[in-house]
Amino acid sequence: MTTSGDSSKSTTAHTALSEIDDDGAFRRTASSFTSTIEVGGRFEPEANRYHLYVALACPWAAGTLAALKHKGLDSIVGYSVVHPTWRRTRPDIEGDEHCGWHFANPGDPPVQNSNGYGSFDCDDALIPDRVNGAKTIRDLYEMAGDTSGKYSTPLLWDRKEKTIVNNESMLILKIFNEAFCNLLGSEGEDTDRPNLFPPDLQSQAEEWNELIYNAVNNGVYKCGFATSQSAYETAHSELFAALDKLEAHFGESGHTFLMGDTLTWLDIRLYCTLVRFDPVYVIYFKTSHKRIGSDYPNLLKFVRACYREAAIRDTTNIKHIKMHYFTSHPALNAYGIIPVSNGPPLETSTEGEHQ
């Protein structure tokens, strides 16, 4: 197909399920928009200029929204929330079978999966696109002249230039941490505007991220989307070796968060995977060797500590998480049946959990 932004460029619409190498292993492709927001740059820090598009189900996107709220930026950066169930993005084009994120209004008729099964409601967590009037996330990518064909969230939009600034979650976390501090009257270091990237912890954070991103954040997808037994078993082994190491680290260090008592960007990213582990990945991605709720007490305590942070609690939507994964990939779950379990309780009155 041809994008609306540049008729000389063509794209092939696809999803993460297509990112499989010859050995049946999942290989995530790089993000296509990686600009930043900075004084003197193309994208200047300005209030009410930028808009974040997210799926609450997506761990990468939910993490950026948590950071936005944690930094107090939701007063100057707007956001929209898509429906968790993928559906065809171009049903009017014969032969275009791409399914992806779409917008809906709270109270709209229920949605079915792309096989025509299920009845998945449009709840009050949905926020339609009131900036561009887009019907799908794909619309936004095409407005921006995208040539990658992968219409993912999160997506940070510039209302002034009507284009995408960035769709890489890690870079968006950095933008939210640094770019808007002066607009809020803060340098990002005080308690009112917490710094998610404290300089004294960055070296340690980068070391941990090598393990966490590759074996855990991306590792669950390597398990779930693998199309060969060997690729799955390799990813599975790496995933649980990493979880065992993290469990031991929390037990030995006594830290509330990964690197101490301060919440950082890395804690948000780890949390976003772990909170989805028992209700989704154990079943859907075949990671049932161990569970967070029953086999990793220190990781469970960490998840609950993160959940006590208001911004993280407000952006954790287990209903959307389960609905997305179990209804959006018919090749993995044809009838869109959603398991009942929500995983371990995220709130607890146990005194020890609050120490």
Side-chain angles (χ1 to χ4, degrees), residues 47-48 50-82 84 106 123-127 153-154 156 169-170 172-181 183-198 201 205 250 255-279 292 299-322 342-355:
N48 304 313
Y50 301 99
H51 195 80
L52 181 68
Y53 293 92
V54 300
L56 296 178
C58 170
W60 317 103
T64 64
L65 184 58
L68 182 146
K69 288 177 173 286
H70 192 64
K71 294 289 291 188
L73 296 176
D74 44 337
S75 62
I76 63 172
V77 178
Y79 61 93
S80 296
V81 177
V82 296
D123 63 17
D124 291 342
L126 302 178
I127 304 176
T153 66
L156 185 59
S169 61
M170 179 65 182
I172 294 174
L173 288 175
K174 290 181 177 179
I175 289 171
F176 288 162
N177 191 65
E178 301 165 5
F180 300 100
C181 291
L183 298 181
L184 296 170
S186 166
E187 295 302 320
E189 295 289 342
D190 58 75
T191 56
D192 291 329
R193 307 297 178 197
N195 189 350
L196 291 170
F197 289 78
L201 297 179
F250 278 107
H255 291 166
T256 300
F257 300 112
L258 191 65
M259 296 172 289
D261 295 324
T262 300
L263 181 79
T264 71
W265 62 276
L266 194 54
D267 295 304
I268 293 175
R269 285 166 69 95
L270 178 58
Y271 166 86
C272 284
T273 295
L274 296 186
V275 78
R276 289 160 173 76
F277 200 88
D278 287 9
I292 303 301
L299 291 182
L300 178 60
K301 187 175 181 180
F302 162 77
V303 168
R304 287 172 170 165
C306 290
Y307 189 76
R308 288 196 291 273
E309 299 287 331
I312 292 178
R313 185 170 60 252
D314 290 349
T315 54
T316 300
N317 190 312
I318 298 297
K319 175 184 174 183
H320 275 221
I321 290 168
K322 289 169 55 180
N342 288 332
L346 299 178
E347 293 183 288
T348 174
S349 59
T350 303
E351 182 68 25
E353 292 290 349
H354 296 273
Q355 294 177 352

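Just so you know, these numbers come straight off a predicted model, no measurement behind them.
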Original post:
Heavy atoms, side chains only, cut-off 4.5 Å: are Asn195 and Asn177 in contact?
Top reply: yes

Subject >> Smallest separation among heavy atoms of Leu173 and Arg269, with atom names >> reply: CD1-CD, 3.8 Å

Subject >> Straight-line distance of Leu300 CG to Phe277 CZ, nearest 0.5 Å >> reply: 13.0 Å

Subject >> Sub-4.5 Å side-chain heavy-atom contact between Tyr53 and Val82 >> reply: no

Subject >> Evaluation steps, side-chain contact (heavy atoms from CB on, under 4.5 Å), between Leu299 and Phe250 >> reply: CA-CA 7 Å; Leu299 291 182; Phe250 278 107; 3.7 Å; yes

Original post:
Atom CG in Leu274, atom CD1 in Ile292: separation rounded to 0.5 Å?
Top reply: 5.0 Å

Subject >> Nearest-0.5 Å distance that lies between atom CG in Leu56 and atom OH in Tyr79 >> reply: 8.5 Å

**OP:** Name the orientation class of the two ring planes belonging to Phe197 and Trp265 (parallel below 30°, tilted from 30 to 60°, perpendicular beyond 60°).
**Re:** parallel

Original post:
In Å and rounded to the nearest 0.5 Å, what is the NZ to SG distance from Lys301 to Cys306?
Top reply: 13.0 Å

Subject >> Cys272 side chain reached by Trp60 side chain, heavy atoms, under 4.5 Å >> reply: no

**OP:** Could you grab the distance from atom CG of Asp74 to atom CG of Leu68, nearest 0.5 Å is fine?
**Re:** 5.5 Å

Original post:
Any side-chain heavy atom of Lys322 sitting closer than 4.5 Å to one from Pro84?
Top reply: no

**OP:** Measure across Arg276 and Ala62 and return the closest heavy-atom pair with its distance rounded to 0.1 Å.
**Re:** NH2-CB, 3.6 Å

Original post:
Is Lys319 salt-bridged to Asp123, cutoff N-O under 4.0 Å?
Top reply: yes

**OP:** State, with a plain yes or no, whether a side-chain heavy atom of Leu258 is found less than 4.5 Å away from one of Thr264.
**Re:** no

**OP:** Identify the heavy atoms of Gly343 and Asp278 that sit nearest to each other, and give their distance.
**Re:** CA-CB, 4.1 Å

Original post:
Less than 4.5 Å apart, any side-chain heavy atom of Ile175 and any of Phe180?
Top reply: yes

**OP:** Determine whether Leu52 and Phe176 make a side-chain contact, defined as any pair of heavy atoms from C-beta on separated by less than 4.5 Å.
**Re:** yes

**OP:** Search all heavy atoms of Val275 against all heavy atoms of Val303 and return the closest pair with its distance.
**Re:** CG2-CG1, 4.4 Å

Subject >> Shortest non-hydrogen separation from Ala66 to Thr315 and the atoms involved >> reply: CB-OG1, 3.4 Å

**OP:** Could you tell me whether the side chain of Tyr271 reaches within less than 4.5 Å of the side chain of Glu309, counting heavy atoms only?
**Re:** no

Original post:
How many angstroms lie between CG in Leu266 and CG in Leu196, if you round to the nearest 0.5 Å?
Top reply: 11.0 Å

Original post:
What is the minimum heavy-atom distance between Ala57 and His320, and which atoms define it?
Top reply: CB-O, 3.3 Å

Original post:
Can you tell which of Leu65, Ile312, Leu263 makes a side-chain contact (heavy atoms from CB on, under 4.5 Å) with His70?
Top reply: Leu263

Subject >> Step-by-step side-chain contact (heavy atoms from CB on, under 4.5 Å) determination, Leu270 to Asp267 >> reply: CA-CA 5 Å; Leu270 178 58; Asp267 295 304; 5.7 Å; no

